[in-house]
Amino acid sequence: FILVDDCNEVTDYAIARRIVDLHCRQQESIDRVYSMEEVQRYLLFARHFKPKISDESARYIVDQYRRLRQRDCGVTKSSWRITVRQLESMIRLSEAMARMYCSEEVHPRHVKEAFRLLSKSIIRVETPDINFDEPDLLPDGVATDTTVTEGEPMEGVPPPTKAPPPSENVSKQIRVSYEEYKSIANLLVLHLRQLEENSADGESGVKRMDLVDWYLEANEADMETIDEVKEKRLLVEKVIERLVHHDHVLLPLVTEESGTEDSNPYLVVHPNYVVES
């Protein structure tokens, strides 16, 4: 099973006291049911068994592995994956359980216990949403929560002035789910990879803005208004920026003339990057 190192004052104190007592009194603080020699003899005897997997146990292993796979596919924000490695681990654990019981055959009860141990050893790591923090670019002196009501002005009080309409440069926080971020990123990466494979002259790379325009054209059916197009363009630009500067999946090409990164550089996919399904 997995030991998760969570901070707990009571548990930490008890563990510390137990370890100190073991070092102070050594053998006296341990209540032993079996001696060390008996445990060693038992292990040597159990290792002589070579249990065989019965037909019933084999079907049970397959069903439990399929159950793990289905549970993995149904998770929306988990980064763990069930592969054949977990299947092999379940088989080895089942055989080990049979040896512990000094059995010549792996029974379904051994597989059941192996499946329980394997399930406990898998820790689901929740992937948080991707938050593109944007600074507030409102003009100085304009409050973001200013509300203006129309009506007759009160006597002695100057009429309120309406706040100027926000400019197009005003930005807000953009938050997307990890699944949506990976979906956009995978589409961009696959498009670049396809262009690299189809390139006859060996040249690779696409201009950053051309990549954004391609994505908008490919998904124009999902956008109905101009505002939706603007929001989607800003989102794709932020995804590309994160892929370049944070994830290092996309590499900007530096021109020989300037020696620095262009504002609209050619982008290529990192050669070692593998697209996650």
Side-chain angles (χ1 to χ4, degrees), residues 75-79 125-148 162-199 203-255 258-277:
V75 177
T76 57
K77 292 186 178 181
S78 294
S79 62
V125 181
E126 297 295 327
T127 307
D129 293 342
I130 304 298
N131 183 20
F132 302 101
D133 291 328
E134 287 290 325
D136 189 3
L137 299 179
L138 284 174
D140 294 338
V142 179
T144 57
D145 58 349
T146 301
T147 57
V148 179
K162 294 185 179 181
S167 62
E168 295 183 356
N169 294 330
V170 176
S171 302
K172 61 180 180 180
Q173 284 191 348
I174 303 175
R175 180 186 296 270
V176 296
S177 64
Y178 182 77
E179 287 72 27
E180 182 179 0
Y181 169 74
K182 293 302 296 184
S183 176
I184 298 175
N186 288 342
L187 284 177
L188 298 174
V189 170
L190 291 175
H191 175 65
L192 290 176
R193 284 271 172 86
Q194 186 177 8
L195 292 179
E196 292 176 4
E197 294 176 358
N198 298 335
S199 178
E203 295 183 358
S204 60
V206 176
K207 284 285 190 177
R208 175 177 173 272
M209 296 310 302
D210 293 341
L211 185 60
V212 175
D213 293 337
W214 169 85
Y215 183 89
L216 295 178
E217 292 177 2
N219 297 270
E220 61 180 355
D222 300 332
M223 298 171 287
E224 299 179 354
T225 64
I226 300 299
D227 292 337
E228 291 180 354
V229 174
K230 292 181 179 180
E231 291 178 1
K232 184 64 69 173
R233 173 179 290 274
L234 180 60
L235 175 60
V236 176
E237 290 177 352
K238 292 301 178 183
V239 170
I240 294 177
E241 181 180 352
R242 182 181 177 89
L243 290 174
V244 172
H245 299 290
H246 185 273
D247 297 341
H248 303 290
V249 172
L250 301 183
L251 304 177
L253 300 182
V254 178
T255 58
S258 61
T260 59
E261 182 179 335
D262 189 9
S263 60
N264 186 26
Y266 282 96
L267 298 176
V268 296
V269 183
H270 195 288
N272 295 332
Y273 178 71
V274 178
V275 178
E276 298 180 1
S277 57

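This structure is a prediction, so every number in the text was calculated from the model and none was measured.
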Just so I know, are the side chains of [X] and [Y] near enough to count as touching, which here means a heavy-atom distance under 4.5 Å?
{"X": "Leu243", "Y": "Tyr181", "answer": "yes"}
{"X": "Leu235", "Y": "Lys232", "answer": "yes"}
{"X": "Met209", "Y": "Glu237", "answer": "yes"}

For the [atom1] atom of [X] and the [atom2] atom of [Y], what is their distance to the nearest 0.5 Å?
{"X": "Ile184", "Y": "Arg242", "atom1": "CD1", "atom2": "CZ", "answer": "12.5 Å"}
{"X": "Ile240", "Y": "Leu188", "atom1": "CD1", "atom2": "CG", "answer": "5.0 Å"}
{"X": "Met223", "Y": "Thr225", "atom1": "CE", "atom2": "OG1", "answer": "9.5 Å"}

- Message: Can you give me the closest heavy-atom contact between Glu196 and Val269, atom names plus distance?
- Response: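 Glu196 and Val269 have their closest heavy atoms at OE2-N, 3.6 Å.
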- At their closest point, which heavy atom of Leu253 faces which heavy atom of Pro265, and how far apart are they?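 What the structure gives for the nearest pair is O-CB, 4.1 Å.
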- Message: My understanding is that only one of Leu250, Val189, Asp247, Leu251 makes a side chain to side chain contact (heavy atoms under 4.5 Å, CB included) with His270; could you say which?
- Response: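 Going through Leu250, Val189, Asp247, Leu251 one by one, the side chain to side chain contact (heavy atoms under 4.5 Å, CB included) with His270 is satisfied by Leu251 alone.
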- Main-chain N/O of Arg208 paired with Asn264 side-chain donor or acceptor, under 3.5 Å: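 Judged by distance alone, yes, a pair lies under 3.5 Å.
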May I have the list of side-chain donor-acceptor pairs in residues 212-222 shorter than 3.5 Å, sequence neighbours left out?
residue	atom	partner	partner atom	Å
Asp213	OD1	Arg233	NH1	3.3
Asp213	OD1	Arg233	NH2	2.8
Trp214	NE1	His191	ND1	3.4
Asn219	ND2	Tyr215	O	2.9

